[in-house]
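Let me begin by presenting the structure, written as structure tokens, before commenting on it.
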Amino acid sequence: MTDQAQPDSTEETHIDESHVITERRQKLKALREVAKVTKSAVFPNDFKPEHQAAALHAEYDALDKETLDPQAIPVVVAGRMMLKRVMGKASFATIQDSTGRIQLFINQQSLTDENSEAIYEAFKHWDLGDIVGAKGAMFKTKTGELSIKVSELRLLTKSIRPLPEKYHGLNDQEIKYRQRYVDLITSEETRNTFKARSKVMSAIRSFMTGNEFLEVETPMLHPIPGGASAKPFTTHHNALDMQMFLRIAPELYLKRLVVGGFDRVFEINRSFRNEGLSVRHNPEFTMMEFYAAYTDYQWLMDYTEQCVRAAVTAVHGSAVISYDGKEVDLSKPFERLTIVGAIQKYAPQYTLDQLNDAEFLRAEILKQGTKPFDHAGLGALQLALFEETAESQLWQPTYIINYPVEVSPLARASDADAEVTERFELFITGREMANGFSELNDAEDQAARFQEQMKAKEAGDDEAMYYDADFIRALEYGMPPTGGCGIGLDRLVMLITDSPSIRDVILFPHMRAEA
RNA sequence: GGGGAUUUAGCUCAGCUGGUAGAGCAGUGGACUUUUAAUCCAUUUGUCGCGGGUUCGACCCCCGCAGUCCCUACCA
């Protein structure tokens with residue numbers, strides 16, 4: 001089995017060869033020999049399907065056999081053969097195209113080609129997974145299934161690897177992620193998830209452009225990583241001989257555009273963070289950030305809510321959906337709670353006095369198993385306790401508002417309370433979905449905040465932000481008062497498609513290198 | 001990083017108190033002109049994740065390593 005003569009195959013193809021593959025390579029070899037004699041292509045590209053499975057079902061499923069059959073409506077289809085039932089001189093095959101499945105009925109008499117006998121015999125040896133093309137007439141079988149009586153049948157692509165088991169499909173999570181193409185062939189659920197993802201993207205895009213937002217593209221290679229607190233991926237540009245970073249967020253570039261006079265911009269962006277993986281973290285992920293001049297965080301909350309609702313409704317036709325077996329109601333106005341308010345609601349064991357007592361909070365957070373930073377102020381301690389006790393309980397859409405200044409270096413401080421910012425995060429199903437705020441547009445304040453971040457970085461916080469002098473220079477030209485928000489689209493798609501892991505909504509999630 | 005689960009044929013999965021492996025599907029050969037995961041008969045396929053150890057003997061017990069999944073930690 002290890003040293004069979006296979007002159008056409010390269011060395012690496014032997015790595016996971018099975019006897020099934022060997023068998024199919026033999027069939028392909030035979031096809032090549034026939035093609036040489038007949039001077040035809042082994043992998044022809046001259047067959048053009050004119051119909052798709054879903055449309056055929058939509059058009060003809062409702063017609064009864066007596067009405068449909070006599071019309072002998074001609075169709076041309078192509079797809080991957082997923083099921084095959086040979087019964088002597090007649091056969092059924094089920095093919096799958098990008099819209100669905102349709103059954104073919106093949107018998108020698110119906111084939112019009114002069115070599116019908118040879119074609120039928122050849123068909124018997126075609127494999128599940130092969131791509132075939134068929135011309136024929138619509139009809140219904142005696143059990144009423146819409147089918148095509150095939151008059152012309154061609155093998156368009158020979159498949160060498162066997163498909164997963166035809167009934168149970170692919171169950172191995174690792175193969176589903178590593179070989180998504182196989183998962184997509186076999187799982188309608190997976191196909192639907194990514195079709196839904198596409199709908200979410202276009203719904204959001206049209207919602208944004210419908211509200212006068214300009215779609216823009218900003219750099220993914222950053223000389224200074226900025227816009228979020230996260231560890232960046234580092235790379236190097238050879239010609240410029242400079243270190244560069246994959247962006248952790250597009251924020252600072254989008255705000256430069258607001259300075260430039262684009263009052264409403266958005267970017268559906270891939271960002272990269274060099275951090276751990278989990279069911280809700282992938283090292284590269286997609287979000288939508290948008291900025292609107294002359295708005296504030298109250299406006300942003302209203303707008304974000306509408307945007308999320310539009311995306312959910314685009315897929316489900318309703319804003320009340322189910323996630324992990326529990327209802328999520330996005331139809332009503334989203335609740336808004338301060339950090340302290342959320343703790344009081346979801347962890348009522350704490351008194352207001354305790355929640356305003358930094359020493360108590362510090363001790364309580366340690367008890368929960370987290371060590372707060374030494375320099376953490378009251379607000380940061382309250383936030384830490386919120387994350388420990390309340391965050392995961394925010395199942396229904398909830399805005400948490402007024403984040404402390406010390407953890408919000410790009411947000412505008414509240415005019416009423418200099419310790420907090422006009423910032424919110426949106427939680428749904430206990431997960432952060434969005435983060436937005438009235439932007440800090442005071443260049444000197446922003447410069448001071450960057451200085452604070454640099455001190456934190458020197459003190460060992462390797463996720464503190466860098467000082468971005470050009471961004472400060474931009475603000476010095478004057479940025480109008482602006483609201484800006486980022487929505488985690490992978491997580492939103494998880495919610496909308498009832499997916500338990502972010503990997504289920506990313507076509508090719510990151511995995512360790514194969515052994 | 002820590003904890004738990006898991007890894008057996010191409011796929012889906014069995015495998016007893018330790019006696020060197022099975023089924024279904026797929027494949028191959030045969031029967032069959034309306035099947036629906038077609039059916040029926042026959043039949044091929046394994047480095048039991050990898051490396052050590054214990055044992056007369058290891059898929060099974062022990063140790064180490066690796067992949068995957070989940071929890072946790074880290075993390076807007």
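What you see is a predicted model; the values in this text were computed from it and never measured.
- Phosphate contact (OP1/OP2 of B/rU39, side-chain N/O of A/Arg85, threshold under 4.0 Å): absent.
- The side chain of A/His281 sits closest to B/rC74 out of B/rC74, B/rG67, B/rC25.
- Look at A/Arg449 and A/Glu452 and you find no salt bridge, because none of the NZ, NE, NH1 or NH2 atoms lies under 4.0 Å from a carboxylate O.
- Look at the P atom in both B/rG15 and B/rU55: the space between them is 29 Å, to the nearest Å.
- Here the C1' atom of nucleotide B/rU6 and the CD atom of A/Gln173 are 12 Å apart, to the nearest Å.
- Base pairing in RNA chain B yields stems of at least 3 consecutive Watson-Crick or G-U pairs, both distances under 3.5 Å, namely B:1-7 with B:66-72, B:10-13 with B:22-25, B:27-31 with B:39-43, B:49-53 with B:61-65.
- Positionally, the nearest nucleotide of RNA chain B for A/Leu163 lies more toward the 5' end than for the other of A/Leu163 and A/Lys140.
- Comparing the P positions of B/rC59 and B/rG52 gives a spacing of 14 Å, expressed to the nearest Å.
- Between A/Tyr177 and A/Ala228, the residue whose closest nucleotide on RNA chain B is further toward the 5' end is A/Tyr177.
- The side chain of A/Lys27 approaches B/rU28 more closely than any other nucleotide in the set B/rU33, B/rG10, B/rU28.
- With B/rA26, B/rC71, B/rA38 as the choices, the nucleotide that has an atom nearest any side-chain atom of A/Leu83 turns out to be B/rA38.
- One interatomic measurement links the two molecules: CD of A/Glu121 to P of B/rG29, which rounds to 11 Å at whole-angstrom precision.
- The stretch residues 482-503 of chain A touches RNA chain B through A/Ser501, A/Arg503, each having a heavy atom within less than 4.0 Å of the strand.
- Side-chain proximity of A/Val86 to the nucleotides B/rC32, B/rG10, B/rA38 is greatest for B/rC32.
- A centroid separation of less than 6.0 Å is found between the aromatic rings of A/Phe386 and A/Phe427.
- The separation between A/Leu104 atom CG and B/rU34 atom P is 17 Å, rounded to whole Å.
- In this model, the phosphate group of B/rA26 is approached by a side-chain N or O of A/Lys166 to a distance below 4.0 Å at OP1 or OP2.
- One can place NE2 of A/His510 at 13 Å from P of B/rC69, the figure rounded to the nearest angstrom.
- Taking atom P on both B/rU6 and B/rC25, the two are 28 Å apart, rounded to the nearest angstrom.
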Review point. Under the salt bridge (Lys or Arg N to Asp or Glu O under 4.0 Å) criterion, do A/Lys231 and A/Glu463 qualify, and how do the steps go?
Key: CA-CA 6 Å; A/Lys231 297 189 195 88; A/Glu463 299 194 348; 3.2 Å; yes
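- Distance A/Phe92 CZ to B/rC32 C1': 13 Å, rounded to the nearest Å.
- The same atom, P, is picked in B/rG27 and in B/rA38; the two are 10 Å apart, to the nearest Å.
- Contact annotation for A/Glu432: base contact, defined as any heavy-atom pair under 4.0 Å involving a base atom.
- The distance between atom CH2 of A/Trp126 and atom C1' of B/rG27, rounded to the nearest whole Å, is 18 Å.
- Counting any heavy atom pair closer than 4.0 Å across all strands shown, A/Arg431 reaches no nucleic acid atom.
- Cation-pi geometry between A/Arg423 and A/Tyr403 is satisfied (NZ or CZ under 6.0 Å from the ring centre, within 45° of the ring normal).
- Each of B/rG67, B/rA26, B/rU35 was ranked by its minimum atom distance to the side chain of A/Glu145; first place goes to B/rU35.
- The structure places CG of A/Leu104 at 10.0 Å from CZ of A/Phe92, a figure rounded to the nearest 0.5 Å.
- For A/Val279, whose side chain is taken as the heavy atoms from C-beta onward, the closest listed nucleotide among B/rC70, B/rC75, B/rU68 is B/rC70.
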Review point. Salt bridge (Lys or Arg N to Asp or Glu O under 4.0 Å) between A/Asp490 and A/Arg270: does it pass, once the steps are laid out?
Key: CA-CA 10 Å; A/Asp490 305 291; A/Arg270 191 74 57 85; over 6 Å; no
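- Comment: A/Arg247 engages A/Glu267 in a salt bridge, judged by a side-chain N to carboxylate O separation of less than 4.0 angstrom.
- Between A/His19 and the phosphate of B/rU28, there is no side-chain N or O to OP1/OP2 separation shorter than 4.0 Å.
- Cation-pi check for A/Lys149 over A/Phe105 is not met; the charged atom does not lie both under 6.0 angstrom from the ring centroid and within 45 degrees of its normal.
- Using a 4.0 Å cut-off between charged nitrogen and carboxylate oxygen, A/Asp69 and A/Lys140 do not count as a salt-bridge pair.
- Using atom P as the reference point in both B/rG3 and B/rC65, the two lie 11 Å apart (nearest Å).
- One finds a side-chain N or O of A/Arg512 lying less than 4.0 angstrom from the OP1 or OP2 phosphate oxygen of B/rG67.
- If you look at A/Tyr399 and A/Phe424, their ring centroids are closer than 6.0 Å.
- With respect to the salt-bridge test (charged N to carboxylate O, under 4.0 angstrom), the residues A/Lys158 and A/Asp127 qualify.
- Listed pair A/Lys231 / B/rC75 fails the phosphate criterion, with no side-chain N or O lying under 4.0 Å from OP1 or OP2.
- Nearest nucleotide to the side chain of A/Asp127, out of B/rA37, B/rU28, B/rG67: B/rU28.
- One interatomic measurement links the two molecules: CZ of A/Phe123 to C1' of B/rU33, which rounds to 13 Å at whole-angstrom precision.
- A distance of about 15 Å separates the C1' atoms of B/rG53 and B/rG57, rounded to the whole Å.
- Between A/Lys65 and the phosphate of B/rU34, there is no side-chain N or O to OP1/OP2 separation shorter than 4.0 Å.
- Within the 4.0 Å cut-off from OP1 or OP2 of B/rC69, not a single side-chain nitrogen or oxygen of A/Lys176 is found.
- Using bins of under 30°, 30° to 60° and over 60° for the plane-to-plane angle, the ring pair A/Tyr120/A/Phe123 lands in the tilted bin.
- Taking the centre of each ring, A/Phe290 and A/Phe266 stay at or above the 6.0 Å mark.
- If you check every strand for non-hydrogen atoms under 4.0 Å, A/Phe139 touches a base.
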Which atoms of nucleotides 12-15 of chain B (N or O only) lie under 3.5 Å from a protein N or O atom, and what are those distances?
residue, atom, partner, partner atom, Å
B/rU12, OP1, A/Asn171, N, 3.0
B/rU12, OP1, A/Asp172, N, 3.0
B/rU12, O3', A/Asn171, ND2, 3.2
B/rC13, OP1, A/Asn171, ND2, 2.4

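- Side chain A/Gln103 to base B/rU35: a donor-acceptor pair is found below 3.5 Å.
- In terms of polar N and O atoms assigned as donor or acceptor, the side chain of A/Thr141 comes within less than 3.5 Å of the base of B/rU35 in a complementary pairing.
- Because its NZ or CZ atom is not both nearer than 6.0 Å to the ring centre of A/Tyr291 and within 45° of the ring axis, A/Lys255 does not count as a cation-pi partner of that residue.
- On the C1' atoms, B/rA9 is 10 Å away from B/rG22, given to the nearest whole Å.
- At least one donor-acceptor pair closer than 3.5 Å links the side chain of A/Tyr323 to the backbone N or O of A/Ser499.
- Considering only the side chain of A/Glu174, B/rU68 comes nearest among B/rU34, B/rU68, B/rG10.
- Annotation: B/rC61 and B/rA42 have their C1' atoms spaced 40 Å apart (nearest Å).
- For B/rU33, its base sits under 3.5 Å from the side chain of A/Gln109 at one donor and acceptor pair at least.
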